[in-house]
Each structure stands twice: as structure tokens, then as C-alpha cells.
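See below for the structure under consideration.
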Amino acid sequence: MTTLSCPLRSLLKHTDCLRRAAVSRHVLPGSPQRSLGASLWRRNFRALSHGATGELLSLQSGAKTSAASACSSSSDGQDVTQKLWSVYTETKRQTEVMSTSSVDPDTIFANNEMSLRDIEIYGFDYDYTLAFYSSHLHTLIFNIARDILITNHRYPEGLRKYEYIPDFAVRGLHYDVQKALLMKIDAFHYIQLGTVYRGLDPVPDEEVIAMYEGSHVPLEIMSDFYGKSTHEHTMKQFMDIFSLPEMTLLSCVNDFFMRHNIDYEPVHLYKDVKEAIRDVHVKGIMYRAVEADTEKYICYGEQSHAVLRKLSAYGKKMFLITNSPFDFVNRGMSYIVGEDWRDLFDVVIVQADKPSFFNDRRKPFRRVTDKGALLWDRIHRLERGQIYKQGNLYEFLRLTGWRGSKVLYFGDHIYSDLADLTLKHGWRTGAIIPELRKEIKIMNTQQYAHMMTWLQALTGLIEQMQVHRDPATQAVVEEWIKEREAMKPHTKDIFNAQFGSLFRTDHNPTYFSRRLSRFADIYMATISCLLNYDLKHIFFPRRTPLQHEALFRPEHDPSASSPPLQD
């Protein structure tokens with residue numbers, strides 16, 4: 001009787017699998033919970049549980065006649081198998097007919113509780129925070145850097161045949177400088193198999209496991225705090241949106257060398273590509289191109305303009321700290337906001353050299369004229385309408401007195417913009433993640449909703465049934481495990497065919513996602529999301545249960561509504 005009843009009794013618990021599937025279907029760090037309605041769950045659970053209970057009672061009744069014959073009967077395994085697959089089928093049917101809810105892409109998501117009532121000063125980065133760029137810019141960076149490799153570094157002329165691939169890479173990837181491999185790593189330093197690329201081709205899982213003696217990347221070869229690679233660290237992490245062309249160029253050059261059987265040193269290749277990309281920025285090539293054709297490269301920032309006007313109307317102080325040069329920023333902000341854009345900011349700092357700006361106490365501020373000339377006078381105060389270059393945060397704090405949690409700074413780079421501010425200076429931080437909008441739209445599709453709900457339900461069935469060691473149950477569980485493994489590539493490909501979601505490696509958060517949750521109090525797709533909220537709004541992170549905690553869900557989930565609009 002044990003062989004028959006214990007596994008089937010456990011199936012009564014599989015409703016909890018469905019419940020967990022609903023709770024975790026839309027999991028992003030800090031996102032609002034989008035669970036299914038309690039009434040729908042009760043209806044589904046009642047029907048499903050009743051069927052499973054009936055099956056169990058029927059088997060138990062038959063088994064009472066002769067426990068010995070029931071345990072030794074040749075049909076026992078077939079009976080268990082049939083019942084297991086029956087519950088599997090019913091569970092899958094239930095997930096297919098469930099209604100789904102969606103996440104509003106204009107929501108601001110909280111990692112840490114924060115009230116806008118407490119914020120008196122708002123700070124901004126420029127690139128990909130106030131100014132957003134069209135896809136033409138990445139193509140421009142790729143083409144210029146590729147030509148620099150050919151012209152200045154004597155790389156083969158055949159590289160000109162390679163063009164930028166917009167959907168090849170995603171932000172947050174790691175690059176093994178020694179092995180010339182681009183890959184995605186999760187928050188626990190494990191490589192997501194199926195996302196390792198040499199050149200433009202995937203590396204077989206078996207080869208990856210052989211190279212790394214498993215899929216774990218030791219801490220000592222990971223990049224330093226800012227994602228950079230040194231002689232001790234062979235892994236470089238690409239956290240900047242501007243790094244997408246760099247990753248693609250690295251992959252294209254690697255691809256060319258391999259296809260032409262050219263023996264090359266991966267370390268030299270990495271350094272040359274890095275230098276070429278740097279030249280595009282440092283030598284002003286990209287800046288001049290954008291200034292010459294602003295409408296082609298900069299997306300019109302009507303909503304960024306509206307955010308700045310709203311904050312100004314509420315009497316909030318504002319400042320701008322960017323690594324970009326004044327002429328470039330002035331051209332873009334004049335296009336986005338208007339010629340009087342400087343009137344909105346109490347302080348404007350260009351060429352700040354972040355993240356050094358937040359740590360180096362030695363660089364003083366220099367005033368910049370409207371024509372870009374540098375003045376030599378000592379800076380005793382930071383004045384509205386003036387432009388300042390370089391400097392450091394410690395001098396900034398001394399001159400302004402803007403300290404602690406009354407300051408909220410927005411930026412797109414998790415390390416260079418946000419990490420030091422939250423760890424060392426106690427500012428509140430907001431991450432701008434443009435990729436978020438696209439990922440949420442994918443998550444809101446019926447295809448994704450059904451796939452993830454079924455994946456979670458199937459995982460729960462496996463979890464419940466794997467404890468039973470009888471051959472019939474184990475055989476069915478193995479089939480379920482194979483199906484679950486086969487689903488993983490689909491959950492990846494729906495976001496990006498090569499590397500999947502920016503935020504997840506299968507079930508785990510990515511390395512990028514973990515840093516985002518650590519260094520950003522709030523995060524959003526664009527700065528325009530602020531327009532949906534009153535400036536007294538309190539952001540609450542969702543209380544996600546720890547692994548040892550039970551799930552507590554209110555009868556009516558208020559977080560399923562759209563973000564509150566301002567009065």
C-alpha cells in the first residue's frame with residue numbers, strides 16, 4: 001500500500017506548486033506582485049484536489065483487500081504511473097486556462113523603502129538618464145572602433161565586412177579575457193550554460209564544463225568592484241549601455257580570426273578593442289557625430305523635459321553630474337529641454353570622471369566658459385548657471401551641504417553612478433534601466449505567462465514527488481525533469497536568443513540583477529516614470545518570502561493596480 005498511497009497523497013500538495021507559480025510569475029527584484037485572484041485559485045484547487053482525493057481513496061479501498069497482493073501486483077507500477085500522469089495533465093490544463101495579469105512598464109520598482117517626501121535634491125547623470133539614444137549610435141560606435149582597429153592597429157581589412165548586430169549581446173555579461181569567451185553569470189558566480197559564446201558561435205556545455213572544471217567561476221578571477229579586468233582578474237563585466245557595441249566588436253573580431261585560422265593572443269585583442277572603443281569617446285569622434293546630426297542620434301526627450309519642469313515647479317533643487325563634455329551636453333540638452341536648460345539646475349558638472357569623482361579628493365573644480373575655455377580661479381561656491389569641470393564629491397558636499405538621504409541621484413551605470421553613493425555617502429539612488437520596458441512587455445505576453453506558470457507548477461510537482469523512491473514514481477519524475485530542462489532554452493530565447501534576460505539566469509538572478517538590488521533604492525525604465533507619482537509617494541519593496549517562510553497573500557492584492565497618478 002505504501003507504494004500506491006504515499007505518492008498520490010503527496011499529489012494533494014501540488015496545489016501549492018500552482019500557488020507559488022502565480023506568486024513568482026512576474027518576479028523582478030522589487031517589482032509589484034501580480035498574483036492571480038483568490039477566487040480563481042479556490043475554484044481550480046477545489047476541483048483538482050477533489051479529483052486527486054477520489055483517486056487516492058479508490059486505491060486505498062482496493063488495497064485494503066490485500067495489502068500484500070497490492071504491493072506485489074504487476075499492475076502497481078502502471079497504476080501509479082497512470083495516476084501521476086493524470087495529475088500532470090490536469091495541472092497543465094489548469095495553468096493553460098488561468099487568467100493573467102500584467103506589469104505596467106511605467107512603474108517604479110523599489111528595492112528599498114523610500115519616501116519622495118524626504119527628497120529635497122535631485123541629481124542626474126546625462127547619457128541614458130536624461131538623454132536617450134537611437135540604435136544608430138551603437139552602429140556608429142561599432143563602425144568607428146572597427147575602422148580604428150584596421151587603420152591604427154593593423155587588423156585585417158576583412159573585418160570591414162562585419163556590421164553591428166543590434167540584438168546579439170545584452171548588458172551585464174562577463175568576458176573571459178584569457179579564453180576569449182563572452183557569457184552570462186548568475187548572482188552565485190555560476191555560468192548559465194547555453195549562454196557562452198566564442199566569437200559569434202555558442203560553446204558546447206561539455207566544453208565549458210571542462211574548461212572551468214564545472215560551471216562555477218571562482219571569486220579570484222572575477223572582475224574588480226567596477227567590473228574591470230586586471231592582471232589578477234581575467235573576467236571583465238560590461239555594465240554600461242555603451243558597452244553593447246564593444247561586446248559585439250570583440251565577438252566579431254574573434255569570429256574572423258577563428259574562421260580564417262589566424263593564431264592570435266586573446267589578451268592583445270581585448271586590449272586593442274578596449275582602446276579603440278575608448279578612442280571613440282575620448283577623442284571626441286562620437287561627440288562630434290552626435291552634435292552634427294542630433295535628431296538622428298538623440299531621441300526627443302519631451303518627457304525628460306516634463307520631469308525637470310515638474311521638480312522645478314515643486315521647488316526641488318537639481319544638479320547634473322556627467323562624464324560627457326560640455327559642448328556635447330549643451331547640444332543635447334538644448335534639443336531636449338531648450339536653450340534655457342541650465343536655468344533648471346542649481347549645479348552642472350561635466351567631464352566629472354566618474355567613478356573617480358566619488359572617491360578621489362585631489363581634483364579641484366574648474367569653471368568652464370560658454371565657449372569651452374577653462375578658467376584658473378579658485379572655486380569658493382558652485383553657482384547656478386555656471387558650468388564646472390572635474391572636481392570631486394567631497395568638495396561638492398562641502399560647497400553645497402547636500403548630504404545623506406535627502407539627495408536622490410539617478411544614473412544608468414550600476415557601478416560608476418550608484419554604488420559609491422549608496423555605500424559611502426548615504427545618498428538615495430535610482431537606476432535607469434531602458435531594457436526594462438522591453439522585458440516587461442515580453443513578460444506581459446500570454447506565451448510567456450503560460451510558459452512560466454507551467455514551468456513553476458512542473459517544478460513544484462517534481463519537488464513534491466522526487467522523495468518517493470519506488471521505480472514507477474522515479475521514472476515519471478525523470479520524464480518531468482527532462483521536460484523542465486527542455487523548457488529552459490525557451491525561457492531564455494524569448495528575451496534574447498544568445499543570452500536571455502538581463503535579470504535572470506534560468507531561475508536565479510543574474511550578476512547584474514544582484515548588483516542592481518544592492519546599489520539602487522529604486523529602478524525604472526526611464527526617468528519619465530516619475531511623472532506617474534506624486535512627490536510625496538512612498539515606495540515599498542515587495543516582501544518576498546525567504547525560503548523558510550510561508551507565503552502570505554491578501555485576499556485582494558492591491559499591488560496589481562497601475563501605479564498611482566499624481567493629484
Side-chain angles (χ1 to χ4, degrees), residues 26-34 101-112 114 116 122-135 137-138 166-167 169-172 239-244 298-308 310-311 336 408-414 417-418 428-445 448 494-496 499-504 509-510 512-517 519-535 537 539-542 559-566:
H26 280 302
V27 173
L28 284 172
S31 64
Q33 178 176 316
R34 302 289 198 242
S101 55
S102 60
V103 176
D104 189 332
D106 291 321
T107 301
I108 294 178
F109 304 93
N111 293 320
N112 191 21
M114 187 186 78
L116 292 181
Y122 287 78
F124 302 90
D125 181 31
Y126 174 68
D127 297 302
Y128 287 108
T129 300
L130 293 176
F132 290 84
Y133 300 98
S134 69
S135 58
L137 184 61
H138 287 171
D167 298 322
V170 298
R171 197 153 48 123
M239 296 289 276
D240 194 350
I241 299 178
F242 281 129
S243 65
L244 293 173
I298 296 183
C299 301
Y300 181 58
E302 181 178 357
Q303 290 186 313
S304 294
H305 184 192
V307 170
L308 297 176
K310 175 181 178 179
L311 295 176
I336 295 170
L408 172 59
Y409 185 78
F410 293 95
D412 68 288
H413 198 299
I414 308 302
D417 288 327
L418 308 181
R428 309 311 294 264
T429 53
I432 305 300
I433 312 294
E435 301 95 332
L436 190 61
R437 187 177 299 279
K438 177 183 176 182
E439 294 219 3
I440 289 177
K441 287 181 178 179
I442 293 173
M443 291 165 53
N444 286 342
T445 63
Y448 178 83
I494 197 170
F495 292 101
N496 175 278
F499 301 101
S501 168
L502 173 66
F503 300 96
R504 282 205 177 274
T510 58
F512 174 92
S513 188
R514 178 62 60 87
R515 294 303 179 273
L516 173 65
S517 64
F519 300 138
D521 291 293
I522 57 176
Y523 65 98
M524 65 208 77
T526 70
I527 199 71
S528 64
C529 295
L530 276 173
L531 296 173
N532 295 324
Y533 295 84
D534 183 84
L535 294 184
H537 187 83
F539 295 102
F540 296 99
R542 185 185 61 215
S559 68
S561 60
S562 299
L565 296 176
Q566 60 182 5

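All residue numbers in this chain count up from 1 along the given sequence.
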- Message: When you compare the side chain of Ile522 with that of Arg428, does any pair of heavy atoms fall below 4.5 Å?
- Response: no

- Message: Donor-acceptor check, side chain of Ser517 to backbone of Arg514, threshold 3.5 angstrom: yes or no?
- Response: yes

- Query: Closest heavy-atom contact between Thr129 and Ser304?
  - Reply: O-OG, 4.4 Å

- Item | Single hit among Leu311, Leu308, Ile527 for side chain to side chain contact (heavy atoms under 4.5 Å, CB included) with Tyr122 | Leu311

- Backbone N or O of His305 within a donor-acceptor pair of the Lys310 side chain at under 3.5 Å? no

- Item | Partner residues of Phe132 under the ring pair (Phe, Tyr, Trp, His ring centres under 6.0 Å) criterion, sequence neighbours left out | none

- Polar side-chain atom of Asp240 near backbone of Ser243 as donor-acceptor pair, under 3.5 Å: no

- Message: Tell me whether Ser513 contacts the main-chain N or O of Arg504 through its side chain, where contact means a donor paired with an acceptor under 3.5 Å.
- Response: no

- Going by the ring-ring contact (aromatic ring centres under 6.0 Å, His included) test, name the single residue among Tyr523, Phe540, Phe539 that passes it with Phe109. Tyr523

- Side-chain touch Phe512/Val170, heavy atoms, less than 4.5 angstrom: no

- Query: Is there side-chain contact between Glu439 and Leu502, with at least one heavy-atom pair below 4.5 Å?
  - Reply: yes

- Carefully, step by step, assess Met114 and Leu408 under the rule side chain to side chain contact (heavy atoms under 4.5 Å, CB included). CA-CA 10 Å; Met114 187 186 78; Leu408 172 59; 4.1 Å; yes

- Would you say Ile440 and Thr107 make side-chain contact, with heavy atoms under 4.5 Å? no

- Task: Verify whether one side chain among Gln303 and Thr526 offers a donor that lies under 3.5 Å from an acceptor in the other.
- Result: no

- Query: Where is the tightest heavy-atom contact between Pro105 and Ala525, given as atom of each residue plus distance?
  - Reply: O-CB, 4.1 Å

- Note on the structure: Taken to the nearest 0.5 Å, the spacing of Phe410 CZ from Met524 CE works out to 4.5 Å

- Message: One pair to check against side chain to side chain contact (heavy atoms under 4.5 Å, CB included): Val307 and Leu531. What are the steps and the verdict?
- Response: CA-CA 6 Å; Val307 170; Leu531 296 173; 3.8 Å; yes

- Query: Between the main-chain N or O of Met239 and the side-chain N or O of Arg171, is there a donor-acceptor pair closer than 3.5 Å?
  - Reply: yes

- Message: With rounding to the nearest 0.5 angstrom, report the SG to CD1 distance, Cys529 to Ile432.
- Response: 7.5 Å

- Sub-6.0 Å ring centroid separation between Tyr133 and Tyr128: yes

- Message: For a quick test of reading the model, state the closest non-hydrogen atom pair linking Met443 to Phe495 and the distance between them.
- Response: CG-CZ, 4.1 Å

- Item | From Leu516 atom CG to Ile414 atom CD1, the distance as rounded to the nearest 0.5 Å | 4.5 Å

- Which heavy atom in Ala431 sits nearest to a heavy atom in Leu418, and how many Å separate them? CB-CD1, 3.7 Å

- Message: Using modelled atom types and a 3.5 Å cut-off, is there a donor and acceptor pairing between side-chain atoms of Asn111 and backbone atoms of Asp521?
- Response: no

- Can you check whether Pro434 reaches Ile241 side chain to side chain, under 4.5 Å on heavy atoms? yes

- Item | Minimum side-chain heavy-atom gap His537-Ile108 below 4.5 Å | no

- Using atom types as modelled and distance alone, determine if a side-chain donor or acceptor of Thr429 lies under 3.5 Å from a backbone N or O of Phe519. yes

- Message: Quick one: does any side-chain atom of Asp167 pair with a main-chain N or O of Asn496 as donor and acceptor, under 3.5 Å?
- Response: no

- Message: Assess the residue pair Asp412 and Asp125 against the criterion (side chain to side chain contact (heavy atoms under 4.5 Å, CB included)); give the C-alpha distance rounded to whole Å, side-chain angles, the decisive distance to 0.1 Å, and a yes or no.
- Response: CA-CA 8 Å; Asp412 68 288; Asp125 181 31; 3.1 Å; yes

